[in-house]
Amino acid sequence: MKRIGLIGGMSWESSALYYSLINGLVKERLGGIHSANCILVSVDFADIEALQSSGEWDEAGRLLALEAQGLEAAGADFLVLCTNTMHRVAREIRDAVGIPLLHIGDVVSREVLNAGLGTVALLGTAFTMEQPFYRNFISAYGIDVLVPPEVERASVHRIIYEELVLGVVRDESRDELAGIIRDLVARGAQGVILGCTELELLIGQEDSPAPVFATTRLHAIAAVDEALR
């Protein structure tokens with residue numbers, strides 16, 4: 001089994017989901033008392049969020065690259081960055097190490113294509129929905145990407161940063177996001193990418209009339225596939 005290097009803490013709520021999913025999948029596939037061979041470094045999200053808000057992406061990339069180097073030195077065979085938004089600095093991380101980074105955008109884009117879909121809605125932080133790094137990555141696969149209007153983007157961002165990263169799950173917020181999803185499907189979205197690892201704490205397939213692509217789960221599955229290859 002390859003050793004998985006997990007860069008987590010952004011937030012720890014979704015990183016805990018990664019850890020649970022990865023270990024559960026290894027047990028499911030290998031049976032018995034098997035668990036994943038993995039190393040998790042969990043950064044202080046307050047530091048990263050401050051850099052996000054101030055637009056200091058280069059510094060954020062430098063910090064996460066240092067964590068990646070530490071995981072490589074500890075014997076990780078490949079890296080999993082347990083966040084969608086911080087794939088904004090995926091190149092900086094890749095350039096800093098000699099082991100592969102399993103990019104979440106590759107994983108979800110392949111799943112969308114395998115489902116035969118050509119247009120998807122993207123929900124995530126304002127950074128993920130509004131900056132080009134994530135949308136362009138998916139578009140490079142020939143997939144059209146829709147995002148909510150400005151007011152609704154602000155609502156999604158607020159729910160993530162003021163509720164989900166704090167472990168707060170509210171039915172009212174679930175209903176609000178379900179309404180945003182219905183509007184995006186009415187605009188032509190054939191599927192919905194939950195492009196923030198915390199969104200799976202709140203939203204599931206039952207909340208959407210179109211197929212949901214849960215990036216945390218898909219990323220975890222891909223990590224186990226790679227570890228057991």
Non-hydrogen side-chain atoms of [X] and [Y] separated by less than 4.5 Å:
| X | Y | result |
| --- | --- | --- |
| I143 | T119 | no |
| V212 | D207 | no |
| L102 | L79 | no |
| Q190 | V112 | no |
| L177 | I180 | yes |
| Y134 | I104 | yes |
| M10 | C82 | no |
| L6 | I22 | yes |

Summary of ring pair (Phe, Tyr, Trp, His ring centres under 6.0 Å) pairs that have at least one residue in [range], sequence neighbours excluded:
| range | value |
| --- | --- |
| residues 171-195 | none |
| residues 48-75 | W57-F127 |
| residues 167-198 | none |

Q) side-chain contact (heavy atoms from CB on, under 4.5 Å) between I48 and V43: does it pass, once the steps are laid out? A) CA-CA 8 Å; I48 300 299; V43 303; 3.9 Å; yes
Apply side chain to side chain donor-acceptor pair (under 3.5 Å) to [X] and list each qualifying residue two or more places apart in sequence or on a separate chain.
| X | answer |
| --- | --- |
| S11 | E198 |
| R187 | none |
| S15 | none |

Atom pair [atom1] ([X]) and [atom2] ([Y]), whose distance is rounded to the nearest 0.5 Å:
| X | Y | atom1 | atom2 | result |
| --- | --- | --- | --- | --- |
| I93 | M86 | CD1 | CE | 7.0 Å |
| T125 | R88 | OG1 | CZ | 11.5 Å |
| K2 | I99 | NZ | CD1 | 11.0 Å |
| L122 | R153 | CG | CZ | 10.5 Å |
| D106 | H87 | CG | NE2 | 8.5 Å |

(Q) Are there over 12 heavy-atom neighbours, none belonging to Y19, within less than 6.0 Å of that residue's OH? (A)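 At most 12 heavy atoms, drawn from other residues, nucleotides or ligands, come within 6.0 Å of this atom.
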Q | Crowding at CD, E150 (>12 non-hydrogen neighbours, <6.0 Å) | A |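 Check fails, neighbour count at 12 or below.
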Q) Can you list the other members of the hydrophobic cluster that holds I33, where links are side-chain heavy atoms under 4.5 angstrom apart? A)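 Answer for I33: none, a lone residue.
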(Q) Taking transitive links into account, so neighbours of neighbours count too, which hydrophobic residues share a cluster with L63 at under 4.5 Å side-chain distance? (A)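 Members other than L63 - counting any ILVMFWY side chain reachable under 4.5 Å - are L51.
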Q) Which side-chain hydrogen bond (donor to acceptor under 3.5 Å, both in side chains) pairs, counting each pair once, include a residue from residues 27-36, with sequence neighbours left out? A)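 The answer is R29-D225.
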(Q) side-chain contact (heavy atoms from CB on, under 4.5 Å) for L64 and L81? Distances and angles first, verdict last. (A) CA-CA 9 Å; L64 294 187; L81 181 59; 4.2 Å; yes
Q: Verify whether one side chain among T197 and T216 offers a donor that lies under 3.5 Å from an acceptor in the other.
A: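 Looking only at side-chain atoms, T216 and T197 do not form any donor-acceptor pair under 3.5 Å.
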Q.
Any donor-acceptor pair under 3.5 Å linking the side-chain atoms of T128 with those of N84?
A.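 No, T128 and N84 have no side-chain donor paired with an acceptor closer than 3.5 Å.
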Q: Give the C-alpha distance, both sets of side-chain angles, the deciding distance and a yes or no for side-chain contact (heavy atoms from CB on, under 4.5 Å) between V108 and Y141.
A: CA-CA 10 Å; V108 70; Y141 277 81; over 6 Å; no
Q: Would you mind checking if E200 and R217 are paired as a salt bridge, meaning a charged N to carboxylate O distance below 4.0 Å?
A: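 E200 and R217: not salt-bridged.
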Q) What pairs with E59 under salt bridge (charged side-chain N to carboxylate O under 4.0 Å, His left out), at least two apart in sequence or on another chain? A)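 Here the qualifying residues are R62.
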Determine whether a donor-acceptor pair (N or O, by modelled atom type, separation under 3.5 Å) exists between the side chain of [X] and the backbone of [Y].
| X | Y | value |
| --- | --- | --- |
| S109 | G105 | yes |
| R3 | N37 | no |
| S208 | G204 | no |
| T215 | L194 | yes |

Q: Show your reasoning for whether side-chain contact (heavy atoms from CB on, under 4.5 Å) applies to D171 and R174.
A: CA-CA 5 Å; D171 289 339; R174 180 181 294 109; 2.6 Å; yes
Q) Can you name the nearest heavy-atom pair linking P148 to M129, along with the distance? A)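 Minimum heavy-atom separation between P148 and M129: CD-SD, 3.7 Å.
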Q: Return the set of residues passing ring pair (Phe, Tyr, Trp, His ring centres under 6.0 Å) with Y18 (not counting sequence neighbours), or none when no residue passes.
A: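 Y18 satisfies ring pair (Phe, Tyr, Trp, His ring centres under 6.0 Å) with H219 only.
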**Q.** Residue of the set V147, I193, I181 for which side chain to side chain contact (heavy atoms under 4.5 Å, CB included) holds with L123
**A.**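 Looking at V147, I193, I181, the match for L123 under the side chain to side chain contact (heavy atoms under 4.5 Å, CB included) is I181.
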Would you tabulate the side-chain donor-acceptor contacts of residues 156-166 under 3.5 Å, counting partners in other chains and residues two or more places apart, or write 'none'?
| residue | atom | partner | partner atom | Å |
| --- | --- | --- | --- | --- |
| H157 | ND1 | A126 | N | 2.8 |
| R158 | NH1 | E163 | OE2 | 3.1 |
| Y161 | OH | Q52 | OE1 | 2.7 |
| E163 | OE1 | S173 | OG | 2.7 |
| E163 | OE2 | R170 | NH1 | 3.3 |
| E163 | OE2 | S173 | OG | 3.3 |

